[in-house]
Amino acid sequence: MDGDGGGARGGGGIGARVRRKEDARHLAGRGQFTSDIRIAGMRDVAFLRSPVAHARVVSRRAPAGADLLFLDDLTGVGEIVTRSSIPGYKLSSWPVMARDRVRYVGEIVAMAVAADRAAAEDLAERAEVEFEPLPPIASCAAGRAEGAALLHPEWGDNLFLHSRFDSGIEAVAATAPVKVELDITCARQVMHPMEGKGVVAWWDHRAGMLVVQTSTQVPHLIRSGLAEVLGIPQAMVRVAAPDVGGGFGYKCLLQPEEICVAWLALTRKAAFRWIEDRREHLVAGANARQHHYTLTAYANEQGRLLGLDAQVEVDTGAYSVWPFTAVLEAAQAGGNLPGPYDFRAYRAEVFSVATNKPPFAPYRGVARPGVCFAIELTIDAIARAVGREACDVRAENLVPGSAMPYVNVTNKHYDSGDYPASLATVREQIGLDAFRAGPARDEKGRYLGIGFATYTEQSAHNTKVFAAWGLPLVPGYDQAQVKLTPDGALEVRAGIHTIGQGLETTLAQIAHSMTGVPFENIRVTLGDTATTPYSTGAYASRGIVMSGGAVSRAGEVLAGRIKAIAAHLLQTEAEQIEFRDGRIHAGAASLDYADVGRAWYLRPEQLPEDVNTAGLEVTEGYKPATDNGVFSYASHAAKIAVDPETGIVEILDYVIAEDCGRMVNPMIVEGQTYGGAAQGVGTALFEESPYDEQGQPLASTLIDYILPGPTEIPAFRISHSETLSPHTAHGIKGVGEGGAIAPPAAIVNAINDALSGLGVRITQIPATPERIRAAIAEAQA
Amino acid sequence: MKPAAFDYARAATIPEALAALRDGARPLAGGQSLGPMLNLRLARPGKLVDIKRAEGMRAVALSATSARLGAALTHAEIEDGRIEDVTRGLLPHVARGIAYRAVRNRGTLGGSLCHADPAADWVTTMAGLGATMIARGPAGERAIAAEAFMLGAFTHALAEDEMLAAVEIPRLSPAARWGYAKINRKTGEFAMAIGMAVLDGPLARVVAGAVEGPPALLPRAAAALLAGETPDLDAELAERLPHLPPPERKLRAVALRRALAMLSEAR
Ligand SMILES: Cc1cc2nc3c(=O)[nH]c(=O)nc-3n(C[C@H](O)[C@H](O)[C@H](O)COP(=O)(O)OP(=O)(O)OC[C@H]3O[C@@H](n4cnc5c(N)ncnc54)[C@H](O)[C@@H]3O)c2cc1C
């Protein structure tokens with residue numbers, strides 16, 4: 001495959017399976033993460049966190065002389081208030097430390113500062129805080145109950161938002177011959193990037209600036225947010241992200257800890273840091289995924305889905321996160337539930353319920369693992385109701401390739417692709433037909449099953465979509481800068497950040513395709529508000545489309561300028577110039593990029609009269625031709641074995657057929673897919689952060705919160721197709737989130753397929769051994 | 001998650017370690033259970049005495065009837081066969097199923113037994129083998145039968161001034177057969193249920209492990225094995241483990257059946 005801009009071929013261009021530039025340092029243990037940063041005189045921060053879920057703070061006292069701060073000590077600091085333009089949305093005001101109430105276990109009550117973390121923890125223990133308990137709201141049901149205690153008394157209820165969508169469903173409901181009802185539950189999860197959150201902040205006396213190095217996906221947004229809450233000009237703040245060991249959405253939010261540590265640096269003009277530990281991560285941060293669905297689906301006798309009536313509850317936690325609000329999840333749940341299916345009658349009511357739990361954060365796939373689980377279980381339930389093979393029913397309900405582009409019932413613009421073809425691929429690869437002809441149990445007595453799931457992944461959706469979700473910060477043009485150095489290398493700068501997804505490599509590949517500068521001579525700098533042009537950052541599977549598009553445009557412009565100078569040096573016309581094999585050619589003559597760099601920077605007497613005075617440095621902005629997003633998609637198929645005595649599930653085979661448009665680097669697409677799918681296996685079978693009725697988290701260490709390990713992750717088999725997007729540079733679509741979306745649906749459909757003879761229906765994730773054993777016992781009772 | 005401050009001393013000999021215990025120190029072996037408890041501040045000893053390198057703590061003494069293993073030998077050393085195995089493969093088999101290699105490299109036999117987690121593997125294994133715990137205290141050595149060592153979840157029979165010095169493991173005969181079935185959610189996790197059976201000539205032992213308290217010996221099942229009959233596991237488990245809800249008991253029965261099935265497998 002080749003680049004289609006500057007004419008560069010192969011090498012490290014678009015489509016090449018090149019190794020990642022970032023791997024050398026990571027494999028050698030030489031990456032620099034937040035906790036690797038050492039600043040002279042740096043002091044450590046530890047937070048005292050609430051031990052109770054809901055209480056009034058009656059009194060608080062620090063021992064005399066202790067460097068232990070409460071909210072009132074943080075002069076000039078505002079609260080985290082995330083506005084939304086959605087009608088009916090209720091604002092929460094989240095103080096960076098408890099004001100008069102605590103609303104979840106883990107909410108910050110006090111900040112202790114000491115020479116090291118252990119001493120800071122010693123100090124935090126010495127705070128004297130008295131709580132007067134309030135009734136805790138530990139579930140959506142409790143939050144919506146008549147007379148429930150209120151988290152935010154001024155609201156009058158516990159709903160951030162009650163949103164509705166209705167295309168009209170009565171006619172279908174009255175006439176459809178087949179009706180299935182499902183009650184579906186997804187557990188609360190915690191994201192668990194390998195590296196937790198962390199922040200180091202200091203005062204740069206020379207620049208007169210607050211410098212914040214923070215483990216974030218969105219440095220430019222964090223700068224805006226920090227400046228707003230601290231009440232200082234944005235130009236006084238520099239936010240940079242060092243190496244980030246995974247973000248998954250948790251790190252696209254402004255955290256109270258970030259604000260507290262930045263405040264210390266700002267007011268004390270010294271260096272401070274906080275490094276999240278695994279327990280804080282589990283108890284106080286990164287909560288996600290907890291949905292509850294009550295669904296009624298209508299179909300005809302062949303299993304053709306005619307209509308869907310849904311009630312969705314999102315257990316949103318106590319406060320709205322900044323900037324993605326407390327209702328992004330609800331908007332995506334209601335909007336994406338119809339999935340890749342072709343039907344026209346849809347009604348959804350979504351309740352975003354405030355509960356005494358940590359704030360809900362957008363986690364890889366945002367709402368879509370839940371909605372995919374819900375709709376895919378529904379498709380299988382319909383298939384059972386009409387007595388047909390679920391894979392056939394699924395195929396007939398998918399939007400066909402011939403219908404593209406297709407606008408679905410919730411106004412999602414599916415731009416290109418062939419969804420049934422991806423399903424047919426995984427059906428073939430998992431060997432469904434042979435499996436159906438074979439035994440239902442293996443030699444160990446385990447029940448065998450195959451399950452499918454197909455989804456779309458909206459990626460790089462932009463201005464209008466985010467504006468419609470009411471977000472306070474709406475993405476627009478992403479910018480990137482390219483610059484030829486005097487010795488002919490290329491520097492690429494973009495404000496997005498790489499958090500493991502390999503942008504230092506893929507942006508270089510695009511730059512190489514556009515300019516012909518050898519891949520190994522391209523250096524990508526990201527994620528620093530002082531040195532990179534503005535980007536809202538890495539989220540919503542947007543990086544490669546948005547920043548990639550910006551690098552492409554900037555590269556294209558730079559290529560023109562290089563050609564103009566090269567043509568002059570070679571005494572030919574710019575049209576005759578060709579980039580090939582890392583050099584600049586015109587017929588038999590050729591130049592090195594260094595010749596052009598040297599001419600511009602060092603030997604200006606060689607330049608043409610009419611040379612572009614902006615030089616060899618270009619900043620360009622880009623957004624796709626549509627704001628509606630471009631839709632990657634995939635089908636997953638899982639073959640599993642269930643041990644009926646223990647309830648343990650083994651994944652025997654797992655195949656994925658994905659299409660994310662033009663792949664800039666297939667190896668990175670596969671890496672993203674493996675990683676996402678591994679997290680999906682966690683969602684399907686292992687991960688759960690339960691709370692008791694008092695709002696106490698029951699999983700506060702990794703003994704209780706089980707993550708899948710290498711032996712639980714199957715060797716995913718991935719196949720690709722490339723249907724280009726008509727709307728984006730190079731036809732690229734995003735792919736960062738997709739892998740995580742389908743595994744819960746495919747795996748649980750497979751479990752239900754395996755246990756169908758026993759009459760077992762699992763509709764809750766994770767499908768733990770206990771749940772499976774209980775379901776079998778119940779079916780047999 | 002940083003521990004509260006503590007003093008640390010390394011004992012060169014067992015008497016030195018015992019002296020430290022008298023001063024209120026807590027023994028530190030591999031730190032694989034104590035470390036997390038320190039970090040979570042669930043344990044706040046003012047003083048730790050590191051016993052791993054105390055003389056004799058890593059010794060192995062073999063006799064015709066038993067092997068005496070120093071309490072500070074690691075799971076990995078047992079797994080790798082660096083210690084002669086007198087159990088016809090049982091100990092390495094169990095060791096391999098404990099945690100992950102990194103934990104096995106540090107975690108010790110004695111530390112695991114003294115931590116007395118009901119779901120831990122050595123606790124059940126030693127009860128199933130009829131091993132003997134060798135305690136050392138100010139008055140010298142004392143032997144404690146394995147099944148009497150664990151008193152309840154996270155409590156054991158040692159006195160405050162005693163430590164576990166070694167474990168004496170009976171040698172199995174060439175004709176011996178064993179089964180050990182650990183049911184757990186994923187590689188490296190603690191057990192949801194353990195079933196173990198040993199059959200060696202006139203000796204038979206059947207144990208249910210990971211039962212929220214000390215492992216439960218099932219003498220009737222053992223007698224049935226010797227008589228060549230099928231044991232009524234459900235009835236005996238109901239008697240021995242009334243505190244467990246029926247589905248939990250059922251899972252122990254599954255583990256035991258799998259262990260019994262292993263008795264007839266060729267090894
Ligand atoms: C991730 C993980 C997974 C695990 N999975 C399993 C598993 O599947 N199965 C399993 O069995 N275990 C498992 N463990 C526990 C592991 O086996 C530990 O190594 C073991 O429980 C403790 O041994 P240690 O040598 O590290 O003891 P330490 O942690 O040093 O000590 C444990 C306790 O015993 C005391 N102690 C230690 N040695 C002596 C002694 N000689 N005399 C008196 N008191 C003593 C200490 O004071 C402390 O109270 C797991 C641990 C981890 C971290």
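Just the heavy atoms: all of them, side chains too, but no hydrogens, waters or symmetry mates, feed the values below. These figures come from a predicted structure and were not determined experimentally. Each chain gets a letter, A, B and so on, in the order the sequences are listed, and its residues count up from 1.
- Using a 4.5 Å cut-off between heavy atoms, P710(A) does not touch chain B at all.
- Applying the 6.0 Å contact sphere to CZ of R761(A) captures more than 12 heavy atoms from other residues, nucleotides or ligands.
- Contact count versus chain B (heavy atoms, under 4.5 Å) is highest, among R278(A), E280(A), R279(A), for R279(A).
- In this structure, CG in L685(A) is found 12.0 Å from NZ in K186(B), a value given to the nearest 0.5 Å.
- Residues E712(A) and T187(B) share a closest heavy-atom pair of OE2-N, 3.1 Å.
- Counting non-hydrogen atoms of neighbouring residues, nucleotides and ligands closer than 6.0 angstrom, the CZ atom of R441(A) exceeds 12 such neighbours.
- Using a 4.5 Å cut-off between non-hydrogen atoms, the part of residues 765-781 of chain A that approaches chain B consists of T768(A), P769(A), E770(A), R773(A).
- For I703(A), the CD1 atom is loosely surrounded, since the number of other residues' heavy atoms within 6.0 Å does not exceed 12.
- With contacts defined as side-chain heavy-atom distances shorter than 4.5 Å, the pair T646(A)/R185(B) does not qualify.
- Applying the ring pair (Phe, Tyr, Trp, His ring centres under 6.0 Å) rule to F47(A) yields the partners W274(A); only residues at least two apart in sequence or on another chain are considered.
- In this structure, CD on E645(A) lies 9.0 Å from CG on L251(B), to the nearest 0.5 angstrom.
- Of the two parts of S700(A), neither the backbone nor the side chain holds a non-hydrogen atom closer than 4.5 Å to a non-hydrogen atom of chain B.
- Here the side chains of I648(A) and M192(B) are in contact, with some heavy-atom distance below 4.5 Å.
- The distance from atom CG of N39(B) to atom CD of E121(A), rounded to the nearest 0.5 Å, is 8.5 Å.
- A salt bridge links R258(B) with D643(A); the closest basic N to acidic carboxylate O contact falls under 4.0 Å.
- Annotation for P3(B) and A118(A): closest pair O-CB, 4.1 Å, computed over non-hydrogen atoms.
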